[in-house]
Undergrad: 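Take this structure, written in C-alpha coordinates, and hold onto it; I'll ask about it next.
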Amino acid sequence: MFCTALPAWSDTVRAGQLELDVVAPWQRLTADADGLDSNIVLHQAVQGATLDAYLAKRPVHLQTTPDSFYEQLDHGWRAHYGERVDLGWQEIAGIRWRFCRHPGRDDDSTLFQLVTVHDGEAYQVLVVAPSGSDDLPDEVRLLLQQIHWNDTPPVDGKN
(Lines give C-alpha, C1' and ligand atoms only; values in the text may rest on other atoms or scores of the structure.)
Protein backbone atom coordinates (compact mmCIF):
# COMPACT_ATOMS: atom_id res chain seq x y z
CA MET A 1 0.00 0.00 0.00
CA PHE A 2 1.42 3.38 -1.02
CA CYS A 3 0.05 6.54 0.53
CA THR A 4 1.31 10.07 0.43
CA ALA A 5 1.12 12.26 3.53
CA LEU A 6 -0.22 15.75 3.16
CA PRO A 7 1.13 18.63 5.24
CA ALA A 8 -0.20 19.09 8.78
CA TRP A 9 -3.71 20.46 8.63
CA SER A 10 -6.92 21.03 10.46
CA ASP A 11 -10.14 20.00 8.79
CA THR A 12 -13.46 18.28 9.31
CA VAL A 13 -14.11 14.99 7.56
CA ARG A 14 -17.57 13.50 7.20
CA ALA A 15 -18.97 9.99 6.89
CA GLY A 16 -22.76 10.03 6.82
CA GLN A 17 -23.87 11.96 9.92
CA LEU A 18 -20.51 11.49 11.65
CA GLU A 19 -18.17 14.47 11.56
CA LEU A 20 -14.60 14.28 12.79
CA ASP A 21 -12.48 17.36 13.41
CA VAL A 22 -8.95 16.31 12.52
CA VAL A 23 -5.97 18.33 13.74
CA ALA A 24 -2.20 17.93 13.68
CA PRO A 25 -0.27 15.77 14.37
CA TRP A 26 -2.73 13.56 12.47
CA GLN A 27 -2.32 13.70 8.71
CA ARG A 28 -4.84 12.66 6.11
CA LEU A 29 -3.36 10.28 3.56
CA THR A 30 -4.28 10.20 -0.08
CA ALA A 31 -4.91 6.79 -1.57
CA ASP A 32 -3.27 5.53 -4.71
CA ALA A 33 -4.85 2.80 -6.82
CA ASP A 34 -4.96 0.28 -3.95
CA GLY A 35 -8.69 0.69 -3.34
CA LEU A 36 -8.50 2.87 -0.23
CA ASP A 37 -11.13 5.21 -1.64
CA SER A 38 -13.79 3.65 0.64
CA ASN A 39 -12.01 4.96 3.75
CA ILE A 40 -10.77 8.24 5.11
CA VAL A 41 -7.21 7.37 6.13
CA LEU A 42 -5.46 9.24 8.93
CA HIS A 43 -1.82 8.70 9.96
CA GLN A 44 0.39 9.70 12.86
CA ALA A 45 3.95 8.83 13.88
CA VAL A 46 4.19 8.03 17.60
CA GLN A 47 7.50 7.46 19.40
CA GLY A 48 9.15 5.76 16.44
CA ALA A 49 6.03 3.75 15.54
CA THR A 50 3.02 4.64 13.45
CA LEU A 51 -0.73 4.72 13.97
CA ASP A 52 -3.22 4.55 11.13
CA ALA A 53 -6.96 5.10 11.49
CA TYR A 54 -9.41 4.14 8.75
CA LEU A 55 -12.85 5.73 8.95
CA ALA A 56 -15.34 4.08 6.58
CA LYS A 57 -16.71 6.84 4.34
CA ARG A 58 -20.18 5.34 4.20
CA PRO A 59 -22.11 3.99 7.17
CA VAL A 60 -23.98 0.70 6.87
CA HIS A 61 -27.75 0.96 7.13
CA LEU A 62 -29.01 -1.57 9.70
CA GLN A 63 -31.51 -4.20 8.62
CA THR A 64 -32.12 -5.21 12.25
CA THR A 65 -32.15 -3.71 15.74
CA PRO A 66 -28.91 -2.31 17.16
CA ASP A 67 -28.81 -5.08 19.80
CA SER A 68 -29.16 -7.80 17.15
CA PHE A 69 -26.55 -6.05 15.01
CA TYR A 70 -24.03 -6.01 17.88
CA GLU A 71 -24.75 -9.72 18.59
CA GLN A 72 -24.10 -10.56 14.93
CA LEU A 73 -20.96 -8.44 14.97
CA ASP A 74 -19.63 -10.25 18.05
CA HIS A 75 -20.42 -13.63 16.52
CA GLY A 76 -18.58 -12.69 13.32
CA TRP A 77 -15.54 -11.39 15.17
CA ARG A 78 -15.33 -14.51 17.35
CA ALA A 79 -15.76 -16.79 14.33
CA HIS A 80 -13.07 -14.96 12.37
CA TYR A 81 -10.47 -14.31 15.10
CA GLY A 82 -11.20 -17.10 17.60
CA GLU A 83 -9.21 -17.10 20.83
CA ARG A 84 -7.19 -14.08 19.73
CA VAL A 85 -10.08 -11.62 20.00
CA ASP A 86 -10.74 -9.24 22.89
CA LEU A 87 -14.25 -7.73 22.89
CA GLY A 88 -15.61 -4.95 25.04
CA TRP A 89 -17.20 -1.52 25.13
CA GLN A 90 -15.49 1.86 25.02
CA GLU A 91 -17.19 5.17 25.70
CA ILE A 92 -15.36 8.08 24.16
CA ALA A 93 -16.79 11.60 24.31
CA GLY A 94 -20.29 10.29 24.95
CA ILE A 95 -20.27 7.82 22.06
CA ARG A 96 -20.52 4.14 22.96
CA TRP A 97 -18.34 1.94 20.72
CA ARG A 98 -18.30 -1.85 20.41
CA PHE A 99 -14.64 -2.71 20.60
CA CYS A 100 -12.64 -5.58 19.10
CA ARG A 101 -8.87 -5.98 19.55
CA HIS A 102 -6.89 -8.67 17.77
CA PRO A 103 -3.42 -9.24 16.32
CA GLY A 104 -2.81 -8.18 12.74
CA ARG A 105 -1.45 -10.46 10.06
CA ASP A 106 1.70 -12.27 11.15
CA ASP A 107 1.38 -10.57 14.57
CA ASP A 108 3.19 -7.52 13.16
CA SER A 109 0.53 -5.10 14.45
CA THR A 110 -2.50 -4.87 16.70
CA LEU A 111 -5.86 -4.03 15.15
CA PHE A 112 -8.64 -2.22 16.95
CA GLN A 113 -12.09 -2.19 15.38
CA LEU A 114 -14.61 0.23 16.84
CA VAL A 115 -18.24 0.23 15.73
CA THR A 116 -21.09 2.44 16.87
CA VAL A 117 -24.71 2.78 15.80
CA HIS A 118 -26.37 6.15 15.32
CA ASP A 119 -29.81 6.78 13.85
CA GLY A 120 -30.07 3.29 12.33
CA GLU A 121 -26.62 3.30 10.74
CA ALA A 122 -23.37 1.59 11.79
CA TYR A 123 -20.09 3.52 11.69
CA GLN A 124 -16.66 1.87 11.86
CA VAL A 125 -13.13 2.97 12.64
CA LEU A 126 -10.26 0.54 12.17
CA VAL A 127 -6.99 1.39 13.92
CA VAL A 128 -3.63 -0.22 13.11
CA ALA A 129 -1.31 0.12 16.13
CA PRO A 130 2.10 -1.29 17.01
CA SER A 131 2.23 -4.99 17.82
CA GLY A 132 1.50 -5.78 21.46
CA SER A 133 -0.72 -2.75 22.10
CA ASP A 134 -3.05 -3.82 24.90
CA ASP A 135 -5.16 -0.66 25.02
CA LEU A 136 -6.47 1.74 22.44
CA PRO A 137 -3.66 4.31 22.11
CA ASP A 138 -4.29 7.66 23.81
CA GLU A 139 -3.63 9.43 20.50
CA VAL A 140 -6.58 7.57 18.99
CA ARG A 141 -8.81 8.36 21.98
CA LEU A 142 -7.98 12.04 21.52
CA LEU A 143 -8.81 11.78 17.83
CA LEU A 144 -12.15 10.07 18.52
CA GLN A 145 -13.05 12.72 21.10
CA GLN A 146 -13.37 15.08 18.14
CA ILE A 147 -16.36 13.17 16.71
CA HIS A 148 -19.79 14.76 16.71
CA TRP A 149 -23.05 14.07 14.90
CA ASN A 150 -24.51 16.28 12.20
CA ASP A 151 -28.12 15.15 11.99
CA THR A 152 -29.01 17.84 9.45
CA PRO A 153 -28.80 16.50 5.90
CA PRO A 154 -26.83 18.60 3.40
CA VAL A 155 -28.91 21.01 1.34
CA ASP A 156 -27.89 19.38 -1.95
CA GLY A 157 -28.60 15.87 -0.61
CA LYS A 158 -24.97 14.76 -0.89
CA ASN A 159 -22.70 13.44 1.87
Side-chain angles (χ1 to χ4, degrees), residues 3 6 8-29 31 36-47 49-81 84-104 109-130 132-155 157-159:
C3 293
L6 297 176
W9 59 293
S10 174
D11 199 3
T12 299
V13 295
R14 184 172 183 181
Q17 294 177 358
L18 183 150
E19 290 187 353
L20 173 60
D21 297 327
V22 183
V23 296
W26 287 94
Q27 294 178 315
R28 185 170 183 180
L29 301 182
L36 294 177
D37 58 340
S38 62
N39 293 293
I40 296 166
V41 184
L42 304 170
H43 173 82
Q44 182 182 148
V46 179
Q47 301 172 357
T50 60
L51 290 173
D52 291 310
Y54 298 80
L55 169 62
K57 286 184 180 177
R58 291 179 184 27
V60 174
H61 183 73
L62 297 187
Q63 301 296 319
T64 186
T65 67
D67 288 341
S68 293
F69 170 76
Y70 286 126
E71 287 176 21
Q72 292 170 6
L73 187 63
D74 288 357
H75 177 76
W77 280 338
R78 284 189 180 104
H80 190 75
Y81 303 115
R84 299 161 46 119
V85 69
D86 176 29
L87 302 178
W89 291 96
Q90 297 276 320
E91 185 164 329
I92 302 171
I95 299 175
R96 188 172 178 234
W97 297 90
R98 188 61 175 150
F99 172 92
C100 173
R101 179 179 57 86
H102 58 88
S109 60
T110 300
L111 300 180
F112 296 88
Q113 292 175 260
L114 296 108
V115 177
T116 193
V117 172
H118 178 77
D119 199 20
E121 296 186 313
Y123 295 83
Q124 176 173 268
V125 177
L126 172 69
V127 175
V128 181
S133 298
D134 290 330
D135 295 318
L136 188 65
D138 290 339
E139 295 83 1
V140 175
R141 285 182 191 282
L142 291 172
L143 176 68
L144 296 180
Q145 286 177 358
Q146 305 309 308
I147 289 178
H148 53 277
W149 301 108
N150 179 357
D151 294 323
T152 306
V155 175
K158 296 180 183 175
N159 277 341

Undergrad: Are Y70 and T64 packed together at the side-chain level, in the sense that at least one heavy-atom pair is separated by less than 4.5 angstrom?
TA: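 They are not in contact (no side-chain heavy atoms under 4.5 Å apart), so the answer is no.
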Undergrad: Classify the side-chain pair H43/Q27 by whether it contains a donor and acceptor separated by less than 3.5 Å.
TA: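 On atom types as modelled, these side chains do not qualify, holding no pair under 3.5 Å.
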Undergrad: Could you walk me through whether T12 and Q146 pass the side chain to side chain contact (heavy atoms under 4.5 Å, CB included) test, one step at a time?
TA: CA-CA 9 Å; T12 299; Q146 305 309 308; over 6 Å; no
Undergrad: Could you go through D21 and H148, starting from their C-alpha distance and side-chain angles, then the distance that decides it, and tell me whether this counts as side chain to side chain contact (heavy atoms under 4.5 Å, CB included)?
TA: CA-CA 8 Å; D21 297 327; H148 53 277; 3.2 Å; yes
Undergrad: Output yes when a side-chain donor or acceptor of S68 lies under 3.5 Å from a complementary backbone atom of T65, and no otherwise.
TA: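 Side chain of S68 to backbone of T65: no pair is present.
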Undergrad: Rounded to the nearest 0.5 Å, how far apart are CG of D138 and CG of L143?
TA: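 Separation between the atoms: 12.5 Å.
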Undergrad: What distance separates L111 CG from S133 OG, expressed to the nearest 0.5 Å?
TA: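 Between L111 CG and S133 OG, I get 10.0 Å after rounding to 0.5 Å.
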Undergrad: Identify the heavy atoms of I40 and R14 that sit nearest to each other, and give their distance.
TA: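 Of all heavy-atom pairs spanning I40 and R14, the closest is CD1-O, 3.8 Å.
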Undergrad: Is the shortest heavy-atom distance from the side chain of V22 to the side chain of R28 under 4.5 Å?
TA: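 No; the side chains remain at least 4.5 Å from each other.
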Undergrad: Which class fits the ring pair Y81 and H102: parallel under 30°, tilted 30 to 60°, perpendicular over 60°?
TA: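 Parallel: the ring planes of Y81 and H102 meet at under 30°.
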Undergrad: Within this structure, what is the CZ-CG distance for the pair R101 and L136, rounded to the nearest 0.5 Å?
TA: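 Separation between the atoms: 10.5 Å.
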Undergrad: Would R98 and L73 count as a side chain to side chain contact (heavy atoms under 4.5 Å, CB included) if you check the C-alpha gap in whole Å, the side-chain angles of each, and the deciding distance to 0.1 Å?
TA: CA-CA 9 Å; R98 188 61 175 150; L73 187 63; 4.3 Å; yes
Undergrad: Give the C-alpha distance, both sets of side-chain angles, the deciding distance and a yes or no for ring-ring contact (aromatic ring centres under 6.0 Å, His included) between F112 and W97.
TA: CA-CA 11 Å; F112 296 88; W97 297 90; over 10 Å; no
Undergrad: Rounded to the nearest 0.5 Å, how far does CG of L126 lie from CG of N39?
TA: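 If I round to the nearest 0.5 Å, the distance is 8.0 Å.
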Undergrad: Looking at A15 and P59, what are the two nearest heavy atoms and their distance?
TA: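 For A15 versus P59, the nearest heavy atoms are C-CD, 4.3 Å.
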Undergrad: With respect to F99, which candidate in I92, V115, L114, L87 satisfies the side-chain contact (heavy atoms from CB on, under 4.5 Å) definition?
TA: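 Among the candidates, only L114 passes.
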Undergrad: Hey, could you give me the CG/CG distance between L18 and D119, rounded to the nearest 0.5 Å?
TA: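 So the CG of L18 and the CG of D119 are separated by 12.5 Å.
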Undergrad: Is there a side-chain contact between C100 and D74, using heavy atoms and a 4.5 Å cut-off?
TA: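 Answer no - side chains too far apart.
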Undergrad: So, do V125 and L20 sit near enough that their side-chain heavy atoms are less than 4.5 Å apart?
TA: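 Not touching, per the 4.5 Å side-chain cut-off.
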Undergrad: Looking at every non-hydrogen atom in both residues, tell me the closest pair between G104 and R84 and how far apart they are.
TA: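 Taking every non-hydrogen atom into account, O-NH2, 4.0 Å.
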Undergrad: Going through the checks in order, is the side chain to side chain contact (heavy atoms under 4.5 Å, CB included) test met by I147 and T116?
TA: CA-CA 12 Å; I147 289 178; T116 193; over 6 Å; no
Undergrad: Could you give the distance from CD (Q17) to CD (E121), rounded to the nearest 0.5 Å?
TA: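 So the gap between those two atoms works out to 6.0 Å.
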Undergrad: Is there a side-chain contact between L55 and Y123 in this structure, where contact means two heavy atoms from C-beta onward sitting under 4.5 Å apart?
TA: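 Sidechains of Y123 and L55: no contact.
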